Amino acid sequence: MPLLEIRNLHVCVEGREILHGLDLTVNAGKVHAIMGPNGSGKSTLSHVITGKPGYQITAGRILFKGEDLLAMGPDQRAAKGLFLAFQYPVEIPGVTTMNFLRTALNAQRKARGQSGYSTPHFLKKARTVAKQLNIPQSMLKRGVNVGFSGGEKKRNEILQMALFEPDLCILDEIDSGLDIDALRIVADGINAMRSPDRSIIMITHYQRLLNYVVPDVVHVMSRGRVVKSGDKQLALELEASGYAQFEDAA
Amino acid sequence: MVAARETVECVARTGVDQYRYGFETLIESDKAPKGLSEDTVRFISAKKSEPGWMLEWRLQAYRCWLTMTEPTWARVHYPNIDYQDIYYYAAPKPKKPLSSIDEIDPEILKTYEKLGIPLREVAILEGVEPAPGGEPSANRKIAIDAVFDSVSVATTFKAELKKAGVIFMPISEAIREYPDLVQKYLGTVVPISDNFFARLNSAVFSDGSFVYVPPGVRCPMELSTYFRINERNTGQFERTLIIADKGSHVSYLEGCTAPQRDENQLHAAVVELVALDDAEIKYSTVQNWYPGNSEGKGGIYNFVTKRGDCRGKHSKISWTQVETGSAITWKYPSCILRGDNSRGEFYSIAISNGFQQVDSGTKMFHLGKNTSSRVISKGIAAGKSRNTYRGLVSANRNAAGARNHTICDSLLIGDKCGAHTVPYVEAKNSSATFEHEATTSKISEDVLFYCIQRGMSQEEAVSLVVNGFIKEVLQKLPMEFAVEAQKLISISLEGSAG
Ligand SMILES: Nc1ncnc2c1ncn2[C@@H]1O[C@H](COP(=O)(O)OP(=O)(O)OP(=O)(O)O)[C@@H](O)[C@H]1O
Ligand SMILES: [Mg+2]
């Protein structure tokens, strides 16, 4: 059974169809890359999978671990092991990153019927993960993403992924705005998460990230559909010749 | 966040229309005849066995009240109040005068237990010596004065406070036992000729708390009063007078609840604070009067006058309030910064949901030299509520070097509510520096979704974001009450998102 299976997905936003019958299958343990021109619907797809309000699903289905994902609320999906690193992480003033992480983690654990972490246990875990990602302790005491640089925000997303240990991670342009060192750290963070039961979908525009995190499957999205899938070679072809050849296919 | 989680659990236990404190206690009560007249005033004064000067003072206030009409400038709307259709005095009928907590009607004690105010527990602690070698845990103790309808039913820790020289008792008792102190200060901050509701209060107030902290004394514990309106059709008019003598320090907290009723009930309290040279008063309020049901029926009209006088130099008065209840709130805790170098602070969280209307804020009157004030107001409007911040900052001709900094933030939840900011600034002294920052924002869908994608429920997400928004103010509350306030906030915002 695939970890994620999307069939014939049609999605409208404010009356306009954005995804036009999208198919995608992700097996456990695999790293997929989704590439595609601006506005092709990549972020929309990530929002629909994770259950953001405001999208009408007019046809199709999404199965996650064999269960109907569209019947679940977004918090249930998170508790089931679905994680999205946002293209644009939000700021939450007055809520320290530590507090946020703990509230979220314990909410997920509670939904799964697990007991909440004690404060010392949680702190230890969070600090260890932060250290691996080169995130200073002082950042954890600041408001969530408040005054963080673009690169710091992205690292904070990876920190959450590492802490929550989800089964499916969707990373929406995790590489945008990163300098070379930060890209390395983030890539190491992603690679450290690779495991036979966990799958990762990376939405990206650049081969650069894929040099560090080598994908098993590469998809090209255009105009609301997956128009081509292949192995890592496909990404290199795109780098050389652009998306023009796929515009017609869509 | 532990508190956020607790609050959410709390919310889960509470239905949409369920106000946690909305039960009624069935006890016999002793009421004045309905309506207001000189006779009512005389009745109350006689019930309290007051001296002649007190009755005269009340009558004078009553006559002042007669010459005035209700103010209409606030951004609140309510049907006319029939002042003749209210009981002005209701007391639980005591079998005999009370001398210890054990003589209090067990029904009343039960009520306070339900409210989470452990009168009995606290009373048991009384007289217990700290363990040998152990620190007296004075800061953990809270002395409580409980006011039930119109009378104070219990004051705890009296003996220990007395040892420190602190007077903390129902004002009705203070009028008899410390007439000189009361006469010297009562009405000197909020005179009987003050606003409509203050005049009414002066005429008919039935009880409240009196605090006097002698020179140089740091009050050894938090002082607290809990107000509870129980009787039907009863107005509550309590009067609080707190005097911090030279170099003294006191922290005081009031909490309020009322049963759920279909009709509106009037609460018109007056609080007067006097801080002499180098003294400091910290006054915190957690107001949770019944706000009315989800259709806007019932609820308390909270028309309150609170004013502090920084009478001495280098004195300081700090108001912190968490307002979650009441159908209508009309309240502007103020500071008169009379002494040179005195300081006034106002930290407020005002939350409105359902059909609640809040018109609240502060007034900072800079009279002395180098006086400073700071205002942080956090208004949160949800449901179909209206939430107005009204603030005045003024500097007198003599107030050289006066400084004020005001931060006024509003957060809207949903699109049927409204928030307004009405600042008034008057500087008659050119060396005064007044700064005002104001923001209004909506709780953003993207922020909520971010939290929910991380596994939080809608309620937890709202609670987390709101708690972040009000954090600066929450930190000003004494620890125990900050936790309580957080719970209240979640409960009052429940069902507001989504
Ligand atoms: N809330 C919305 N209202 C209206 N149109 C929207 C909304 N969200 C997305 N769209 C439209 O849907 C299309 C797909 O947007 P989406 O953000 O999914 O693209 P993307 O592939 O992630 O692009 P990029 O590479 O620039 O991040 C765009 O044309 C966008 O304008
Ligand atoms: Mg995008």
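Predicted model, so just to flag it, every value in this text is computed and none were measured. The chains referred to below are lettered A, B, ... by the order of the sequence lines, with proteins before strands, and numbering in each begins at 1.
For the atom pair B:Glu460 CD and A:Lys110 NZ, the distance stands at 6.5 Å (nearest 0.5 Å). Atom OH of A:Tyr88 and atom CG of B:Asp446 lie 11.5 Å apart (nearest 0.5 Å). Here the CE-CG distance, from B:Met456 to A:Leu105, works out to 10.0 Å after rounding to the nearest 0.5 Å.
In this structure, A:Thr96 and B:Lys471 have side chains that are in contact, with non-hydrogen atoms separated by less than 4.5 Å. A:Ile92 is listed as a side-chain neighbour of B:Val465, based on a closest heavy-atom distance under 4.5 Å.
The backbone N or O of A:Leu84 sits less than 3.5 Å from a side-chain atom of B:Arg454, completing a donor-acceptor pair. No donor-acceptor pair closer than 3.5 Å links the side chain of B:Gln453 to the backbone N or O of A:Thr50.
Within 6.0 Å of NZ on B:Lys384 lie no more than 12 heavy atoms contributed by other residues, nucleotides or ligands. No more than 12 heavy atoms of other residues, nucleotides or ligands sit less than 6.0 Å from atom NZ of A:Lys30.
Of the listed residues (A:Met98, A:Gln160, A:Glu91, A:Lys80), the one with the most heavy-atom contacts under 4.5 Å to chain B is A:Gln160. Ranking A:Gly51, A:Ala111, A:Ala79 against chain B, the residue ahead of the rest is A:Gly51, based on heavy-atom pairs under 4.5 Å. Of the listed residues (A:Pro89, A:Pro74, A:Gly116), the greatest number of heavy-atom pairs within a distance under 4.5 Å of chain B belongs to A:Pro74.
For a residue to count as touching a neighbouring chain, one of its non-hydrogen atoms must lie under 4.5 Å from one of that chain's; by this rule B:Tyr450 touches chain A with backbone and side chain alike. In this structure, chain B has a heavy atom under 4.5 Å from the side chain of A:Phe164, while its backbone stays farther away.
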